[in-house]
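Note that ligands are numbered from 1 as they come in the structure, with each ligand's atoms numbered from 1 the same way.
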Amino acid sequence: MRLPTRTREPIVASDPCCPQSLYGPALAMIPFDNTYARLPERFFTRQSPARVPAPALIRLNPALAATLRIDGDWLTSAEGEAMLAGNTTPDGAEPIAQAYAGHQFGGFVPQLGDGRAILIGEVVDPSGARYDLQLKGSGRTPFSRGGDGKAALGPVLREYVISEAMAALGVPTTRALAAVATGELVPRQEGPLAGGVFTRVAASHIRVGTFQYFLARNDIDGIRLLADHVIARHYPQASEMANPHLALLESVVAAQADLIAQWMSVGFIHGVMNTDNMAISGETIDYGPCAFMDVFHPRCVFSSIDRGARYAYGNQPDIGLWNLTRFAETLLPLLSDDVETAKGQAEAVLSGYPARFGVQATARFRAKLGLPAEAPAELIQECLDLLAAEEADFTLFFRQLTRVAAGEASETIATMCRSSEAFNTWFAAWRHAADPAAHLADMRAANPILIPRNHRVEHAIQRGYAGDFAPFHRLVEALAAPYAEQSDYADLEAPPRPEEVVQETFCGT
Ligand code: AMP
Ligand code: MG
């Protein structure tokens with residue numbers, strides 16, 4: 001395959017159409033301010049992205065670009081496109097592949113690392129928040145093991161749609177800055193597929209597995225450097241505490257409890273909650289085989305690789321604690337010189353997780369049901385039991401309940417349950433306990449109208465492989481306002497017809 005002849009020449013300076021004065025200092029198209037690349041060399045390897053034959057921008061997120069103070073017009077230019085595909089490295093970038101380890105489905109792997117992703121640098125937004133810019137699917141790194149370091153277009157489109165939907169739903173998440181097609185084919189099980197590169201923006205890509213990487217090497221200095229980097233970057237208030245590393249653990253436990261409560265409240269199943277896919281920042285990361293449930297069931301699983309249903313919807317809170325326990329283990333050497341003291345401190349923090357999760361999840365489900373504080377919390381579990389027994393669509397049930405709260409008749413919601421007796425019993429209890437008039441705004445803010453339904457995502461991907469990105473763009477645009485009534489997108493509310501149901505999702509590696 002012929003590669004473009006352009007090498008790493010300056011992006012703008014030599015172009016007479018783009019005088020430097022228009023853009024400020026030469027080449028500084030992205031105001032990089034890198035800190036991870038300042039950590040010791042054993043934290044990463046320096047690795048440039050691979051070149052691709054024919055970059056073509058599929059979608060850019062101009063609002064996110066503006067937040068990051070990156071010129072959106074430049075990103076859509078040929079030079080920006082080349083950068084987003086990994087063909088040029090902008091001034092100030094220091095491309096690295098980060099080292100990490102992780103428990104995958106319960107088994108420890110001492111070295112994973114960025115096998116198909118390259119962190120090109122960090123930028124700081126006007127509020128002072130720092131973000132990583134990462135190219136995903138940009139070629140092999142020393143951590144690629146048997147993989148090719150590439151991404152097929154499907155997983156790129158999938159991550160774009162779902163991560164941006166999560167952001168619009170209000171769930172902490174990594175973001176999508178851009179998706180490009182590379183013009184090359186990548187070999188996958190199902191045959192050669194069109195390739196893509198995804199630009200991911202994250203508060204950081206530091207994972208529980210990053211800490212585990214250093215513990216596995218008994219590199220306590222490494223753990224300390226990483227912990228202090230994380231405190232400065234994500235949890236600066238921890239540095240004011242008597243034991244900053246214990247405060248770090250508290251902060252991460254709280255962030256993850258809150259995050260998983262949010263997942264539960266919107267019916268999100270992460271699908272691959274390995275410790276390398278749990279971000280220390282508290283953002284949702286790694287949109288591999290994730291899915292939003294249609295029909296509710298606590299044992300709902302989509303991931304083709306999750307044979308034991310370890311990461312089923314209802315297991316997510318417990319897995320969160322399991323992963324956080326692995327994180328706590330890495331911090332023990334920093335907590336106290338005395339092992340038993342350190343263990344006691346860590347256990348005390350971890351023991352607060354179930355209550356924190358419970359409070360957060362209950363508050364979110366109370367809002368979904370329009371329940372006042374004094375209403376019995378049992379109604380929540382009874383509702384979920386009803387949905388499971390009646391095989392009702394999770395999102396649509398709460399959508400219809402919100403309509404009932406707004407004064408509509410209950411016929412439509414009643415038809416969502418096969419047993420009218422079961423529905424009537426629960427509904428009467430809800431009518432008795434809920435105060436919909438007072439909590440209608442809460443219900444509207446807690447019950448999305450649109451979620452990225454699997455069959456819609458799948459359709460957008462399949463059309464994308466055929467060169468038609470219209471369904472992908474439409475999905476992204478609709479999901480930007482998931483709580484709003486949008487008559488133009490009413491068709492996207494519907495659950496799948498039986499023949500459209502997606503049974504399995506894939507991590508796309
Ligand atoms: P994930 O399932 O996405 O969390 O990835 C687990 C590990 O496999 C990470 O170390 C990835 O970098 C690596 N990996 C996944 N896909 C590829 C690929 N296509 N090429 C190289 N490494 C990969
Ligand atoms: Mg991962």
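Taking a cut-off of under 4.0 Å to the non-hydrogen atoms of Gln104, the atoms of ligand 1 that pass are 6 (C). Counting the atoms of ligand 1 from 1 in the order shown, those under 4.0 Å from a heavy atom of Gly147 are 20 (N), 21 (C). Near Asp276, meaning under 4.0 Å from any of its heavy atoms, are these atoms of ligand 1: 4 (O). Taking a cut-off of under 4.0 Å to the non-hydrogen atoms of Asp286, the atoms of ligand 1 that pass are 1 (P), 3 (O), 4 (O). Residue-ligand proximity, Asn277 to ligand 1, at heavy-atom distances under 4.0 Å covers atoms 4 (O). Atoms of ligand 1 lying under 4.0 Å from any heavy atom of Arg188, numbered from 1 in the order shown and given with element: 19 (N). Counting the atoms of ligand 1 from 1 in the order shown, those under 4.0 Å from a heavy atom of Asp114 are 12 (O).
Of the candidates Ala152, Gly149, Ala99, Gly149 brings a heavy atom nearest to atom 18 (C) of ligand 1. Ranked by closest heavy atom to atom 10 (O) of ligand 1, the top entry among Gly115, Ala97, Gly113 is Gly113.
An N or O contact shorter than 3.5 Å links Arg145 to ligand 1 by distance.
For the salt bridge (Lys or Arg N to Asp or Glu O under 4.0 Å) criterion with Arg59, the lone passing option out of Glu81, Glu477, Glu159 is Glu477.
The Mg ion (ligand 2) lies closest to atom OD2 when only the N/O/S atoms of Asp286 are considered.
Taking the six-membered ring for Trp, Phe292 and Phe394 have ring centres at least 6.0 Å apart. The six-membered or imidazole ring of Phe214 lies near that of Phe43, with a centre-to-centre distance under 6.0 Å. Aromatic ring centres of Tyr313 and Phe296 lie closer together than 6.0 Å.
When heavy-atom distances to ligand 1 are checked against a 4.0 Å cut-off, Lys150 comes that close only through its backbone atoms N, CA, C and O. Heavy atoms of Phe143 found under 4.0 angstrom from ligand 1: none, in either backbone or side chain.
Between Trp322 and His103, the ring-plane angle classifies as perpendicular under the 30° and 60° cut-offs.
In this structure, Asp148 is part of the shell of residues with a heavy atom less than 4.0 angstrom from ligand 1.
Using modelled atom types and a 3.5 Å distance limit, the side chains of Thr284 and His270 yield no donor-acceptor pair.
The Mg ion (ligand 2) has an N, O or S atom of Asn277 inside 2.8 Å of it.
The 12-atom threshold is not exceeded at CZ of Arg299, counting heavy atoms of other residues, nucleotides or ligands nearer than 6.0 Å.
Under the 3.5 Å distance criterion, the side-chain polar atoms of Arg233 are matched with a main-chain donor or acceptor of Ala203. Put simply, the side chain of Asn274 never gets that close to the backbone of Asn277: no donor and acceptor are under 3.5 Å apart.
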(message) Could you go through Asp148 and Arg140, starting from their C-alpha distance and side-chain angles, then the distance that decides it, and tell me whether this counts as salt bridge (Lys or Arg N to Asp or Glu O under 4.0 Å)?
(response) CA-CA 6 Å; Asp148 59 5; Arg140 287 182 57 80; over 6 Å; no
